[in-house]
Protein chains: 2
Amino acid sequence: MGFLSRERVLSMPTRKLESVVSLNDIRVACKACSLKEICLPVGIDKDDLDHLDAIIDRKRPLARGEHLFHVGDNFQSIYAVRSGSLKTYTTSEDGQEQVMGFQLPGELVGLDAIAENCHPLAAKALETTSVCEIPFDELEKLSGQIGGLQHQLLRVMSQEIRDDEQNMVILGQKSAEQRLAAFLIGLSNRFRRRGFSANQFNLSMSRSDIGNYLGLALETVSRLFTRFQNEGLLSVDRKHIELLDRDQLYTFSGAHCAADEAPKAQTEN
Amino acid sequence: MGFLSRERVLSMPTRKLESVVSLNDIRVACKACSLKEICLPVGIDKDDLDHLDAIIDRKRPLARGEHLFHVGDNFQSIYAVRSGSLKTYTTSEDGQEQVMGFQLPGELVGLDAIAENCHPLAAKALETTSVCEIPFDELEKLSGQIGGLQHQLLRVMSQEIRDDEQNMVILGQKSAEQRLAAFLIGLSNRFRRRGFSANQFNLSMSRSDIGNYLGLALETVSRLFTRFQNEGLLSVDRKHIELLDRDQLYTFSGAHCAADEAPKAQTEN
DNA sequence: CGCTCTGTTGACCTTGATCAATTTAGGTGG
DNA sequence: CCACCTAAATTGATCAAGGTCAACAGAGCG
């Protein structure tokens with residue numbers, strides 16, 4: 001820790017960066033962004049997209065371990081991950097951490113800060129990560145004018161509630177192995193949606209983060225990985241995961257998840 | 001079961017009711033509602049309130065056990081509880097139920113249905129319960145016009161995300177006793193906000209519902225109630241709870257809950 | 001080359017689930 | 001009003017899942 005002690009540069013007053021990444025590289029309009037069909041702009045027409053684009057700020061990437069915001073920070077903006085990944089977490093008074101979620105490209109962070117106007121969670125980069133900053137008051141103003149944007153914003157928030165509910169099911173009544181299986185299937189689905197491989201990916205988070213997120217001891221996570229590997233469900237090499245028997249894992253997870261796109265046909269509607 | 005077999009009347013085409021409760025009793029405008037400072041109308045001015053009021057539908061109360069909506073029901077409206085209480089839950093394919101939450105007067109249900117346009121959870125009355133139905137497309141249209149309403153809607157959804165996050169902490173890393181203590185403190189806070197007694201209330205839900213919600217066996221819940229009672233923290237008589245040592249319970253819950261109004265001074269900001 | 005951080009594996013123990021037996025309350029019908 | 005029935009709650013006894021403690025092994029970095 002500490003060779004890069006200027007954390008939180010993102011929330012510092014804007015300053016020119018002539019460093020590693022040139023501003024031109026960062027300035028990619030929503031229109032040209034491969035993630036536009038995943039994050040906010042879904043279903044917004046071309047003209048309106050320009051308006052949205054105008055309020056979005058692209059910043060220099062965060063280094064691994066750098067914070068996007070801290071607990072209690074004043075709420076100004078929500079953020080969309082462009083590349084890399086984040087974890088959000090709180091620290092309870094006795095100092096122990098609770099990981100609340102991981103954010104992949106195309107996903108938004110900070111929606112939980114609207115209510116109280118300050119961030120209840122901290123967000124930290126798990127690897128080199130770049131984000132789009134979306135000033136919330138401007139977004140709100142804009143979404144009053146653009147019907148599609150308002151609807152999309154509500155949809156995204158609703159989806160977040162839904163995902164959290166899904167997590168409650170997992171934490172509330174699944175066994176350790178079901179939790180890890182569900183976690184992996186969930187990640188896999190999210191990667192696939194973003195155009196990454198669904199069966200082969202790197203975990204940017206530590207075993208400890210996974211365990212913490214799933215309400216398990218890190219040792220349990222580790223044991224389960226080796227067990228899943230022995231059973232031929234997947235292969236693990238440190239951070240790299242390859243899912244070998246996705247169906248079996250899915251069954252294992254005891255899923256029914258309205259939230260994920262289920263690999264089997266819908267039985268009701 | 002079954003003397004009242006006409007469930008889901010609420011979602012049937014409107015029909016005149018000359019029965020138990022007269023329509024005049026039900027027709028209470030938002031303006032006159034004691035809950036308006038809790039549910040949606042917060043911070044909306046008098047004129048706009050009339051507009052909001054115009055789209056809200058007040059229905060005859062639900063009987064205990066009746067459903068407000070079922071899993072998979074088409075999403076039309078969100079609902080605000082006026083009196084009584086609801087539980088929301090899903091049923092996994094193996095038939096077991098997961099209770100996702102309890103709704104008290106002034107709280108909204110159905111926000112998680114916006115994303116997919118259908119209800120991921122069922123909502124069932126725990127006792128005689130009346131609700132306001134708020135057609136969502138009209139609400140959305142209105143909130144494009146009334147800035148305060150849009151903001152309030154986003155705030156409420158954000159708060160819901162926050163509460164769910166809080167629940168994840170509880171399910172993810174608290175002991176059985178901490179969970180129950182946190183649950184009781186949480187309920188108590190919610191009752192207080194609504195003008196009910198904070199230290200004395202009735203649980204409209206069964207031990208089994210509580211256990212399910214908290215990720216505990218119902219036997220564990222029962223045992224904890226008697227233990228808390230023996231320790232002088234509270235007194236239980238079947239459904240009736242009296243909190244005798246709220247501070248101790250609060251400490252017990254291992255809380256830090258940015259979500260609740262903490263009884264101690266804030267240490268940071 | 002050694003230090004530290006992350007991950008793996010093993011041994012043991014605690015918490016809370018499960019199974020089972022009663023008790024109590026509330027609702028129903030004679 | 002009482003006897004009966006069922007659902008909810010309590011309490012006890014047992015057991016297993018997973019947490020905790022501890023030792024060790026690689027990987028990455030200075």
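Worth saying up front: this structure is predicted, and the values here are computed from it rather than measured. Just so it is clear: chains get the letters A, B, ... in the order the sequence lines come, proteins before strands, and each one is counted from 1.
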| message | Please classify the nucleic acid contact of B:Ser206 as base, sugar-phosphate, or nothing, using heavy-atom distances under 4.0 Å. | response | sugar-phosphate
Flag side-chain contact, heavy atom, 4.5 Å: [X] against [Y]:
X: A:Asn212; Y: A:Gln98; answer: yes
X: B:Leu108; Y: B:Tyr79; answer: no
X: B:Phe196; Y: B:Leu104; answer: no

| remark: With the side chain defined as heavy atoms from C-beta on, B:Arg238 is closest, among D:dA8, D:dA27, C:dT8, to D:dA8
Rounded off to whole Å, could you give me the [atom1]-to-[atom2] distance for the [X] and [N] pair?
X: B:Glu127; N: C:dG26; atom1: CD; atom2: P; result: 15 Å
X: A:Phe228; N: C:dT9; atom1: CZ; atom2: C1'; result: 17 Å
X: A:Ile210; N: C:dT6; atom1: CD1; atom2: C1'; result: 12 Å
X: B:Met205; N: D:dA8; atom1: CE; atom2: P; result: 15 Å
X: B:Gln229; N: D:dA9; atom1: CD; atom2: P; result: 15 Å
X: A:Asp209; N: C:dG7; atom1: CG; atom2: C1'; result: 13 Å
X: A:Asn212; N: C:dT6; atom1: CG; atom2: P; result: 14 Å
X: A:Phe225; N: C:dT6; atom1: CZ; atom2: C1'; result: 13 Å

| For residues A:Asn167 and A:Tyr213, is any side-chain donor paired with an opposing acceptor at under 3.5 Å? | yes
| query | Going by atom types alone, do A:Arg192 and A:Asn189 pair a side-chain donor with an acceptor below 3.5 Å? | reply |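 A:Asn189 and A:Arg192 do have a side-chain donor-acceptor pair below 3.5 Å.
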Using the 3.5 Å cut-off, write out each protein N or O paired with an N or O of nucleotides 16-23 of chain C and the distance between them.
from	atom 1	to	atom 2	distance (Å)
C:dG16	OP1	B:Ala176	N	2.6
C:dA17	OP1	B:Gly215	O	3.3
C:dA17	OP1	B:Ala217	N	3.4
C:dA17	OP2	B:Ala217	N	3.1
C:dA17	OP2	B:Thr220	OG1	2.3
C:dT18	O4	B:Arg223	NH2	3.0
C:dC19	N4	B:Glu219	OE2	3.1

| message | So that I can tick it off, tell me whether A:Glu107 and A:Arg190 are bridged by a salt bridge, with the cut-off set at under 4.0 angstrom between side-chain N and carboxylate O. | response |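 Salt bridge present between A:Arg190 and A:Glu107.
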| Is B:Lys239 near enough to D:dA9 that one of its side-chain N or O atoms lies under 4.0 angstrom from OP1 or OP2? | yes
| request: Return the orientation label for the A:Phe69 and A:His119 ring planes: parallel under 30°, perpendicular over 60°, tilted otherwise. | output: parallel
